[in-house]
J.: 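Next up is a structure, given as structure tokens.
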Protein chains: 2
Amino acid sequence: MKDLYKEMNKAMQGTPVMAMSFLKDFFLRTRHITLYACCMAVLVFLLKWLQWKLLIVDNSLDIYIGLIALFFTMLGIWVATQLVKPKIKTVVVEKEVYITPQDSPVINEAELKKLHLSTRELEVLRLLAKGHSNAEIAEQLFLSLSTVKTHASNLFVKMDVKSRTQAIEKAKRLKITA
Amino acid sequence: MKDLYKEMNKAMQGTPVMAMSFLKDFFLRTRHITLYACCMAVLVFLLKWLQWKLLIVDNSLDIYIGLIALFFTMLGIWVATQLVKPKIKTVVVEKEVYITPQDSPVINEAELKKLHLSTRELEVLRLLAKGHSNAEIAEQLFLSLSTVKTHASNLFVKMDVKSRTQAIEKAKRLKITA
DNA sequence: GCGAATTTGGTACTAAAGTATGAGTACCTT
DNA sequence: AAGGTACTCATACTTTAGTACCAAATTCGC
């Protein structure tokens, strides 16, 4: 709301064109609320008119109420369907895809790209796969132990493994290391 | 409905006990509808009473209608929640499962013999090289964690390495594991 | 049978790995 | 200018790995 006030001030000091653009922007941002308000207004007038019209015919009050009941029941259903929407249950179905890794001596670039590893993470992985400890990797890459641990941890998440040993095994299996 | 008629005929021909059981069964099966009907009946009477009562106070018609609208909106929402089945969005997660083809060139028996590993040590090494933790290895070989640790420790001495990661690297390099 | 090697398991300890969180910098894109 | 990503580093903590030392039971060759 503060921002809105700011923008209004800003617009007031500008040219008429800027004011127009502000109004347009304001309308676009609040068009949902405006639309609802208009609908409500129309509805109220309609009801008032119906009330007046139908009250002349004395016995049609039942029909009137019935219509209202019907309408609001529908409205309720519609509202409910709108409210229910975000409650989407996600059922995860695991689909097993068997792939036959080609026994190419070259590094499997395709599999490597799938992992979306960053430069540093890949460097860490390479040294990791050589059997180096975190401390050794830190020394070789001129990093702190903390940084290596961070990279390694992120690496394990991306590779969907839980330890460096699994990472090594997977890296060798996918042939993404030398 | 046909089935219902059939069942009724069938029940009529039976003993009173059977008829009773049929009625109980019938009630259990239709208790939802019955409940709805009862609720509706009560509601209608309530409305009629409200109508008569409130019409005396002339200007309260608006409140009356408002209450009806509110009530039926709620009813609509409730009905909708009962009717609308939870939308289930199935997210298919493709999990890639790799087959290790038996293309592995012969295991380097010569290098393996040089290490003078015992049977258990080799078993531990094989699982180690698959990326398993000591706890997992213990579980698979029906051993205690202590034993696995002992084997692993002895293994590292024999392989002249200082950690399981180095052992894996060396094992893969010498092709002494599958 | 005896000794060596193997296997199994324990305790106690240290070292390393891994997780979680926060935070600052740098670069790039919109 | 703002937001996102990558990179860096730190602290604090839990878990796992690894070492050392010990002690049974078993196996196997001599």
Side-chain angles (χ1 to χ4, degrees), chain A residues 2-4 6-7 9-11 14 18 21-22 25 28-29 112-172 176-177, chain B residues 112-172 177:
Chain A
K2 263 186 184 174
D3 294 341
L4 186 61
K6 264 190 191 171
E7 277 184 47
N9 269 337
K10 212 171 170 184
M18 283 177 71
S21 125
F22 165 78
D25 196 17
L28 280 175
R29 230 178 307 158
L112 186 54
K113 275 184 184 175
K114 279 187 193 170
L115 297 177
H116 303 294
L117 301 181
S118 69
T119 315
R120 275 313 210 194
E121 284 164 356
L122 185 58
E123 285 182 291
V124 170
L125 176 59
R126 294 206 191 289
L127 293 177
L128 212 81
K130 282 187 180 176
H132 292 296
S133 67
N134 285 342
E136 289 170 341
I137 297 172
E139 208 175 321
Q140 288 191 44
L141 297 182
F142 303 104
L143 296 176
S144 79
L145 184 59
S146 304
T147 310
V148 176
K149 279 187 177 183
T150 307
H151 285 317
S153 202
N154 294 333
L155 187 62
F156 298 155
V157 173
K158 287 188 181 177
M159 290 183 73
D160 192 29
V161 296
K162 298 211 166 187
S163 68
R164 65 202 298 105
T165 54
Q166 286 182 18
I168 295 173
E169 200 277 328
K170 188 160 188 174
K172 299 250 180 195
I176 58 181
T177 58
Chain B
L112 187 54
K113 275 184 184 174
K114 280 185 192 172
L115 297 177
H116 303 293
L117 301 181
S118 70
T119 314
R120 273 313 210 193
E121 283 164 356
L122 186 56
E123 284 182 292
V124 171
L125 175 58
R126 293 205 193 288
L127 293 176
L128 212 81
K130 281 188 180 177
H132 293 296
S133 67
N134 286 340
E136 289 171 340
I137 296 172
E139 207 174 320
Q140 288 192 43
L141 297 182
F142 304 103
L143 296 177
S144 78
L145 184 60
S146 305
T147 310
V148 176
K149 280 186 177 183
T150 307
H151 286 317
S153 204
N154 295 333
L155 186 62
F156 299 154
V157 173
K158 287 187 182 178
M159 289 181 73
D160 190 29
V161 295
K162 298 212 164 189
S163 68
R164 67 204 294 106
T165 54
Q166 286 182 19
I168 294 172
E169 201 279 326
K170 188 159 188 174
K172 299 250 181 192
T177 58

J.: Output the rounded distance in Å from NZ (Lys162(B)) to C1' (dT14(C)).
T.: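 Answer to the nearest Å: 15 Å.
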
J.: Which atom pairs, donor and acceptor, lie under 3.5 Å between side-chain atoms of residues 127-140 of chain B and protein residues at least two apart or in another chain?
T.:
residue   : atom : partner   : partner atom : Å
His132(B) : ND1  : Glu136(B) : OE1          : 3.2
Ser133(B) : OG   : Glu136(B) : N            : 3.3
Asn134(B) : OD1  : Arg164(B) : NH1          : 3.0
Asn134(B) : OD1  : Arg164(B) : NH2          : 3.2
Glu136(B) : OE1  : Ser133(B) : N            : 3.0

J.: Do you know which two heavy atoms are closest between Arg126(A) and Ile176(A), and how far apart they sit?
T.: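 Smallest interatomic distance, heavy atoms only, reads NH1-O, 3.3 Å.
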
J.: Please report the closest heavy-atom contact between Glu121(A) and Leu155(A), naming both atoms and the distance.
T.: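 Smallest interatomic distance, heavy atoms only, reads O-CD1, 3.8 Å.
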
J.: How close or far is atom C1' of dA17(D) from atom CD1 of Ile137(B), stated in whole angstroms?
T.: 11 Å

J.: Using only atom types and a distance under 3.5 Å, with no angle test, would you say the side chain of Thr150(A) pairs donor to acceptor with the backbone of Ser146(A)?
T.: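 Confirmed, Thr150(A) side chain pairs with Ser146(A) backbone.
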
J.: Locate the shortest heavy-atom distance separating Ala167(A) from Phe156(A); write the atom from each residue and the value.
T.: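 Where Ala167(A) meets Phe156(A) most closely, the heavy atoms are CB-CE2, 3.8 Å.
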
J.: What is the distance, to the nearest angstrom, from the CZ atom on Arg164(B) to the C1' atom on dA15(C)?
T.: 14 Å

J.: Kindly say if Arg120(A) contacts the phosphate of dA6(D), meaning a side-chain N or O under 4.0 Å from OP1 or OP2.
T.: no

J.: At how many degrees, to 10°, do the end axes of the helix from dG1(C)-dC30(D) to dT30(C)-dA1(D) meet when each uses five pairs?
T.: 50°

J.: How long is the line joining CG of Leu122(A) and C1' of dC7(D), in whole Å?
T.: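 So the two atoms are 15 Å apart, to the nearest Å.
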
J.: Do any side-chain nitrogens or oxygens of Thr119(B) fall under 4.0 Å of OP1 or OP2 in dT7(C)?
T.: yes

J.: Heavy atoms only: give me the nearest Val124(B)-His151(B) pair and the separation to one decimal.
T.: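 In terms of heavy atoms, the two residues are closest at CG2-CB, 3.9 Å.
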
J.: Check the distance between dA17(D)'s C1' and Glu136(B)'s CD and give it to me in whole angstrom.
T.: 13 Å

J.: Where along residues 140-156 of chain B does a heavy atom come under 4.0 Å from DNA chain D, residue by residue in number order?
T.: Lys149(B), Ser153(B), Phe156(B)

J.: Give, for atom CD of Gln166(A) and atom CD1 of Ile168(A), the distance between the pair rounded to the nearest 0.5 Å.
T.: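 Rounded to the nearest 0.5 Å, the CD-CD1 separation comes out at 10.5 Å.
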
J.: Which heavy-atom pair separates Leu115(A) from Met159(A) by the least distance, and what is that distance?
T.: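 That would be CD1-CG, 4.1 Å.
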
J.: Between P on dA16(C) and CD on Glu139(A), what's the gap in Å once rounded to a whole number?
T.: 12 Å

J.: At their closest point, which heavy atom of Lys172(B) faces which heavy atom of Lys172(A), and how far apart are they?
T.: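 The answer is CD-CD, 4.0 Å.
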
J.: Under 4.0 Å between a side-chain N/O of Asn134(B) and OP1 or OP2 of dT16(D), yes or no?
T.: no

J.: CD of Gln166(B) versus C1' of dA16(C): gap in Å, rounded?
T.: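 Roughly 13 Å, once rounded to whole Å.
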
J.: Rounded to whole angstroms, how far apart are CG on Leu125(B) and P on dG18(D)?
T.: 12 Å

